[in-house]
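Shown next, in structure tokens, is the structure this report addresses.
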Amino acid sequence: MSTVLEFNNVSKYYDVSRNISEIFSGKKPKVRAVDDVSFKIQQGESVGIVGESGCGKTTLAKLILNLVNPTSGEILFEGKDISKIKNNDELMKYKRNLQFVFQNPYDSLNPRFTIKDILLEPLKALNFDPNKFETMITDVMNLVKLKNKDEYLYKYPHELSGGQLQRIVLARALIINPKFVVADEPVSMLDVSVRAGILNAFNQAKSSMNFTAIYISHDLALVKYVCERTIVMYLGSIVEDGPTHDVINNPLHPYTKALVKAVPVPHVNQSHDPLPILGNIPDATREYKGCKFADRCPKHNNECQGGDIKMGLVEAKPGHWVDRCSYITS
Ligand SMILES: Nc1ncnc2c1ncn2[C@@H]1O[C@H](COP(=O)(O)OP(=O)(O)OP(=O)(O)O)[C@@H](O)[C@H]1O
Ligand SMILES: [Mg+2]
């Protein structure tokens, strides 16, 4: 297997507006949305990115899609640094390889376009052969299980249900046969009843087209269904990375343990023990010494937040990496 995507010590900091006291003291607070992140993704892998709201999942996706520039570090796609893409041709080539499925299907489709126009748009923009348009539309509509295509193609987005629209969003991403698909919470806006259908369509498309996938979610239960590998993020950093089965059944980091415990189990006799996590979502502009999770960690000790502690992932088991702090304290 070859490496498709590589993050090397990538950070993305956003400047945030300052209050009066910060202006007078000369402080310039920054949100560390993605903070010194490194990982590699192999061709054909499906990788879940999980973590609570604000931990940097969407920023990571935007970095991959070249929608924002990293503050530092390098992002390589098929060995090439994407920040060095200079001309339009190279950018088009890059965009042809990568597609994105957004969270909200109502926002991601142009309300003035028919479904057919929506599907034709990427084909025209990326200069596909017009003789193949009809076949490509038929194939992709079958792939996302909207088989009776004429029922949908001449309608406008507002005439379809949320589930049907998200299948169209998926179809628009897949129609150009991308090598890499990033799906950011693709079913979180949908009713539970239609989620399984979309996820099945995504899984089937993945196995027939063999694209590499990043699936972003705050819900470990969904990631389990779609991804063989899971990366857990906390406050912009990766705290655990391993096979999904291992991460869920044998979580090593105290934060992952809390996430696993937070997955609801539909059983009336299920006991509701308190979550093994303290406090609230922390301030993303704070500078940390040592472990970022220490304030909320039931196992923390004085060492955790000491300036001397060296953080970073260690391979606890083959292929299963965890942030050094929890490795020491577990
Ligand atoms: N353009 C921006 N300017 C300033 N701060 C930003 C910007 N975009 C994101 N942030 C901040 O960066 C952090 C990470 O945001 P991001 O959207 O990546 O999180 P997320 O994990 O996708 O959250 P959610 O699960 O709610 O979608 C948050 O603290 C957010 O407020
Ligand atoms: Mg997000």
Side-chain angles (χ1 to χ4, degrees), residues 5 7 9-19 22-23 27-39 47-73 75 82-83 98-108 166 169-170 173 181-190 195 198-199 202 213-224 226-227 230-241 247 253 255-256 258-260 262-264 275 277 279-288 292-293 295-296 323:
L5 181 73
F7 267 49
N9 305 99
V10 175
S11 297
K12 175 68 191 173
Y13 297 167
Y14 292 110
D15 289 324
V16 284
S17 53
R18 298 182 283 170
N19 58 34
E22 283 164 346
I23 290 169
K27 275 190 194 161
K28 287 190 179 167
K30 289 183 190 305
V31 172
R32 293 165 160 74
V34 169
D35 196 9
D36 196 17
V37 161
S38 300
F39 60 82
V47 181
I49 312 265
V50 295
E52 67 200 322
S53 187
C55 72
K57 306 181 293 295
T58 298
T59 305
L60 192 89
K62 286 182 180 168
L63 286 164
I64 298 171
L65 296 160
N66 210 2
L67 296 176
V68 294
N69 294 322
T71 309
S72 59
I75 302 168
I82 64 168
S83 68
L98 258 138
Q99 283 295 299
F100 196 84
V101 180
F102 296 94
Q103 176 175 19
N104 185 347
Y106 300 95
D107 277 353
S108 24
Q166 198 59 309
V169 174
L170 189 57
V181 177
V182 181
D184 188 358
E185 308 259 15
V187 296
S188 61
M189 297 279 294
L190 305 176
R195 286 182 182 180
I198 307 282
L199 293 178
F202 188 84
I214 287 202
Y215 188 94
I216 293 171
S217 179
H218 56 270
D219 189 345
L220 263 177
L222 292 185
V223 165
K224 182 174 162 186
V226 182
C227 305
T230 295
I231 290 177
V232 182
M233 285 185 75
Y234 183 76
L235 265 188
S237 304
I238 294 178
V239 294
E240 192 156 349
D241 177 356
V247 170
H253 195 279
Y255 177 62
T256 319
L259 274 189
V260 170
V263 175
L275 286 180
I277 192 167
N280 295 314
I281 297 176
D283 175 8
T285 59
R286 195 178 122 189
E287 275 188 54
Y288 285 82
K292 291 180 177 177
F293 187 62
D295 285 344
R296 302 175 76 192
D323 202 38

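When a ligand or atom number is given, it counts from 1 through the structure's own listing order.
Assignment of G51 to the shell around ligand 1 is not supported, since no heavy atom sits closer than 4.0 Å.
Heavy-atom contacts of V31 reach the following atoms of ligand 1: 11 (C), 12 (O), 13 (C), 29 (O) (cutoff under 4.0 Å). Of all the atoms in ligand 1, the ones that sit under 4.0 Å from a non-hydrogen atom of G56 are 14 (C), 18 (O), 19 (O), 20 (P), 21 (O). In the vicinity of A33, heavy-atom distances shorter than 4.0 Å reach the ligand 1 atoms 12 (O), 13 (C), 14 (C).
By the definition of a contact as any protein heavy atom under 4.0 Å away, atom 31 (O) of ligand 1 is not in contact. Distance screen at 4.0 Å: atom 2 (C) of ligand 1 has a protein heavy-atom neighbour inside the cut-off.
Judged purely by atom type and a 3.5 angstrom limit, Q166 uses its side chain to pair as donor or acceptor with the backbone of P186. R32 contributes no side-chain N or O that, together with a main-chain N or O of L235, makes up a donor-acceptor pair within less than 3.5 Å. Not a single donor-acceptor pair under 3.5 Å links the side chain of K57 to the backbone N or O of I49.
By the criterion of a separation under 2.8 Å, the protein N/O/S atoms near the Mg ion (ligand 2) amount to T58 OG1.
D323 is not listed as a side-chain neighbour of Y234, based on a closest heavy-atom distance of 4.5 Å or more.
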| said: Could you walk me through whether V47 and F39 satisfy the side-chain contact (heavy atoms from CB on, under 4.5 Å) test, starting with their C-alpha distance in whole Å, then the side-chain angles of each, then the deciding distance to 0.1 Å, before giving a yes or no? | reply: CA-CA 11 Å; V47 181; F39 60 82; over 6 Å; no
| task | Test L63 against F7 for side-chain contact (heavy atoms from CB on, under 4.5 Å), laying out the working first. | result | CA-CA 10 Å; L63 286 164; F7 267 49; 4.1 Å; yes
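Geometrically, ligand 1 and T58 share a nitrogen or oxygen pair separated by less than 3.5 Å.
For atom 25 (O) of ligand 1, the closest non-hydrogen atom of the protein is K57 NZ, 2.8 Å. With respect to atom 4 (C) of ligand 1, the closest heavy atom belonging to the protein is Y14 CB, 3.4 Å. Distance from atom 26 (O) of ligand 1 to its nearest protein heavy atom, with residue and atom name: S53 OG, 2.5 Å. Scanning all protein heavy atoms for the shortest distance to atom 23 (O) of ligand 1 gives G54 N, 2.8 Å.
Aromatic pair F293/H253: ring centres closer than 6.0 Å.
Counting heavy atoms under 4.0 Å from ligand 1, residue T59 touches it through both backbone and side chain.
No option in K12, R286, K292, K30 other than K292 meets the salt bridge (charged side-chain N to carboxylate O under 4.0 Å, His left out) test with D35.
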